[in-house]
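All values below come from the heavy atoms of this structure, side chains included, with hydrogens, waters and symmetry mates left out.
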Amino acid sequence: MPFKVPSLPKLWKRGNPQEQFTTHCKGLPVSDYKSLEILGTVASGSFGIVKLCKKNKENFVLKELMDDDTEQKKLFIKEANLLHQLQHENIVKFHSVVLSENRKYAFLMEYMCFDFCYFGNDSKVSTLKELLCSLDNYCNFSGFEHLSLCIANDISRGLAFLHRNDVAHRDLKPDNVLVSNQHYTSDTITKFWETKPIIAKITDFGESRSKLIQTSTLLHSKTANINRGTPVFMAPEICKKETSEMTLDHLKMTDVWSMSMIFFLLINPDRRYPYEEEIRDLKKSGMTPAEIMKNVYANFKLPLQSDKYAKLRINDQWSNIEKAYIFSAKFEKRPTVFEVQSILEEKRGIETRERYSCSIQIRVANFCI
């Protein structure tokens, strides 16, 4: 057998950081870091740092890489390219890529927040997780009941758009759903409050799989690579490692499960995460989060619902979410996001419309109690 010289994967060449950045981000809009006014840090983690900044008098979010290694940069470019191509009202808007002052890759996204100033409170939240916690603590959702169905519809529309364009998100959870009420002011809130009191958008595409920007050889993801989401929102088949590889269509079905777990929290906002009660005792065993979820899923049971919001789950809007949640959380053949949408978008009855047509002042009073 003739000797064959082994080949190694191509490495990104080292060189001038600015030249590298320009080459790697070819085709993407670019902003100069000096044009940004950094207002403060919003969040930080192993992935990087999220900062609030201002550009041309408009607020943006700057997501900056923590690490400078080649693989992280490649994932960054993948996410930036994907976001740049995804234009939908329920997908966070991408603005441009940025080379930060310390030569780290970053990109600008729209800034979203739900401002409670209209309801007599000076707090602001940006994620669905924060919103659910605030409304549960402040007012037990009294006066804000109709927000949940709006959010569920927005999430399903955003996910439907992704799946229609052959994109699997792979890490859907309340932290990755942004919320906003910046589309109205104190003068126009009564106009929007009944029909569009909140806007929700899906964000964080770092773990996504897509035909838009990847070759067909990447449409099958090995188990080692798909087991990257957040365990309490990951589909049972991933936690239980029932398959060695998954097609893009399979990954879409895991998105539907994750969406169902978000729906569960929309109608059980006092729960910190799905299966909270079931997991509590298992945590003492020393098992890993993935092992805990594998144990939880062994009996094919849905999460225990809380008693606190049992009455609200009877009303027309929350009952629609509950139907969609139970339907989309099937352990057997899971429905598509489009089938789930049909349940969420059932027309509300006259009684429901009248229930939410009352004055905004009632919401203010309830929130301030």
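- Under the 4.5 Å side-chain criterion, counting only non-hydrogen atoms from C-beta, Phe205 is in contact with Leu86.
- Ionic pairing of Lys124 and Glu130 is not present here: no N-O contact between side-chain nitrogen and carboxylate oxygen is shorter than 4.0 angstrom.
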(request) Verify side-chain hydrogen bond (donor to acceptor under 3.5 Å, both in side chains) between Gln341 and Arg157, making sure each step is shown before the conclusion. (result) CA-CA 8 Å; Gln341 271 188 297; Arg157 291 188 195 110; over 6 Å; no
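- Glu64 pairs with exactly one of Arg103, Lys51, Lys104 by the salt bridge (charged side-chain N to carboxylate O under 4.0 Å, His left out) rule, that one being Lys51.
- In this structure the side chain of Ile38 reaches within 4.5 angstrom of the side chain of Leu62, judged on heavy atoms.
- Here the two rings, on Phe116 and Tyr118, have centers that are 6.0 Å apart or farther.
- Among residue pairs with one or both ends in residues 269-289, those qualifying as ring-ring contact (aromatic ring centres under 6.0 Å, His included) are Tyr275-Tyr297; sequence neighbours excluded.
- The side-chain contact (heavy atoms from CB on, under 4.5 Å) with Tyr309 is formed by just one residue from the set Asp136, Asn268, Ile267; it is Asp136.
- Distance alone, capped at 3.5 Å, is enough to place a donor-acceptor pair between the Asn90 side chain and the Ala200 backbone.
- Aromatic ring pairs are classed by plane angle as parallel below 30°, tilted from 30° to 60° and perpendicular above 60°; the pair Tyr325 and Phe264 is tilted.
- Heavy-atom minimum distance, Ser180 versus Met112: CB-CE, 3.5 Å.
- The neighbour count for Lys191 NZ, taken as heavy atoms of other residues, nucleotides or ligands under 6.0 Å away, does not exceed 12.
- Counting non-hydrogen atoms of neighbouring residues, nucleotides and ligands closer than 6.0 angstrom, the NZ atom of Lys93 reaches no more than 12 such neighbours.
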(message) Let's go through Phe119 and Tyr138 carefully: what are the C-alpha distance in whole Å and the side-chain angles of both, what is the deciding distance for ring pair (Phe, Tyr, Trp, His ring centres under 6.0 Å) to 0.1 Å, and is it a yes or a no?
(response) CA-CA 11 Å; Phe119 315 102; Tyr138 286 139; over 10 Å; no
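- Counting only heavy atoms from C-beta outward, the side chains of Gln182 and Cys113 approach each other to under 4.5 Å.
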(request) Apply side-chain hydrogen bond (donor to acceptor under 3.5 Å, both in side chains) to the pair Ser123 and Asn121, showing each step before the final yes or no. (result) CA-CA 6 Å; Ser123 61; Asn121 190 289; 2.7 Å; yes
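- Under a cut-off of 6.0 angstrom, the local environment of NZ in Lys301 is sparse, with at most 12 non-hydrogen atoms contributed by other residues, nucleotides or ligands.
- Proximity of a side-chain donor or acceptor of Asp255 to a complementary backbone N or O of His169 within less than 3.5 Å is detected.
- Using cut-offs of 30° and 60° on the angle between ring planes, the pair Tyr184 and Trp193 is perpendicular.
- Of the charged side-chain nitrogens involved, none lies within less than 4.0 Å of a carboxylate oxygen, so that Lys201 and Glu89 do not count as a salt-bridged pair.
- Ring pair His24/Tyr105 is tilted by interplanar angle, where 30° to 60° counts as tilted.
- Residue Lys54 places its NZ atom among more than 12 non-hydrogen atoms of other residues, nucleotides or ligands, all under 6.0 Å distant.
- Between Cys133 and the choices Leu131, Asn137, Leu135, the side-chain contact (heavy atoms from CB on, under 4.5 Å) rule is met once, by Asn137.
- For an aromatic pair to be called close, the ring centres must be under 6.0 Å apart, and His95 with Phe60 satisfies this.
- The side-chain contact (heavy atoms from CB on, under 4.5 Å) test with Arg334 singles out one residue from Lys252, Glu237, Glu339, and that residue is Glu237.
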(request) For Ser306 and Asp270, run side-chain hydrogen bond (donor to acceptor under 3.5 Å, both in side chains): C-alpha distance rounded to whole Å, both residues' side-chain angles, the deciding distance at 0.1 Å, then the answer. (result) CA-CA 8 Å; Ser306 71; Asp270 55 323; 2.9 Å; yes
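- A donor-acceptor pair shorter than 3.5 Å cannot be found between the side chains of Ser142 and Asn140.
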